[in-house]
Amino acid sequence: MPMITFILPDGTRHPLTYDEDDPSVMHVGVRANLAHLPADCGGQLACATCMVDVAPDWQAKVGPAGPDEADMLSDALGEVPPGRRLSCQIVLDARLDGLVVTLPAKQG
Ligand code: FES
């Protein structure tokens with residue numbers, strides 16, 4: 001099965017499998033009850049509490065934030081670090097097998 005590795009702020013790595021029933025990166029992390037991923041709005045692009053930092057090697061494949069997502073990140077952070085995305089907006093497919101994301105210590 002395809003896999004995503006979530007890295008917690010303390011460096012702990014959580015490799016998690018996903019399938020076609022998981023619509024987004026956020027859903028995989030929430031299903032595993034990962035700390036630092038409250039995802040308060042359940043993926044409705046309304047909370048900015050599902051932020052991840054996409055590993056540099058994966059940023060081109062994952063792509064940039066869309067306009068609404070980028071606005072939400074700017075509102076939450078001001079300066080948005082490279083690779084920062086809302087994980088509920090990263091749609092999963094087989095191309096993302098092996099993806100690595102880091103959860104920031106502080107969500108929006
Ligand atoms: S879960 Fe709320 S914006 Fe992603």
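When a ligand or atom number is given, it counts from 1 through the structure's own listing order.
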Shortest non-hydrogen contact from A46 toward C41:
N-SG, 3.4 Å
May I ask you to list the atoms of ligand 1 that are less than 4.0 angstrom from any heavy atom of C41?
1 (S), 2 (Fe), 3 (S)
Please determine whether any non-hydrogen atom of T49 lies less than 4.0 Å from an atom of ligand 1.
no
Side-chain touch V54/L99, heavy atoms, less than 4.5 angstrom:
yes
Can you list the atoms of ligand 1 that are under 4.0 Å from a heavy atom of A48?
3 (S)
So if I count the atoms of ligand 1 from 1 in the order they appear, which ones are less than 4.0 Å from some heavy atom of G43?
1 (S)
Search all heavy atoms of T17 against all heavy atoms of R31 and return the closest pair with its distance.
O-NH2, 3.0 Å
What atoms of ligand 1 come closer than 4.0 angstrom to any heavy atom of C50?
1 (S), 3 (S), 4 (Fe)
Please determine if atom 4 (Fe) of ligand 1 has an N/O/S atom from C47 lying under 2.8 Å away.
no
Closest non-hydrogen contact found for L45 with M72 is O-CE, 3.0 Å
D97 vs Y18 side-chain heavy atoms within contact, under 4.5 Å:
yes
With heavy atoms of A46 as the reference, note each atom of ligand 1 found under 4.0 Å away.
3 (S)
Where P9 and H36 come nearest, the two heavy atoms and their spacing:
CD-CD2, 3.6 Å
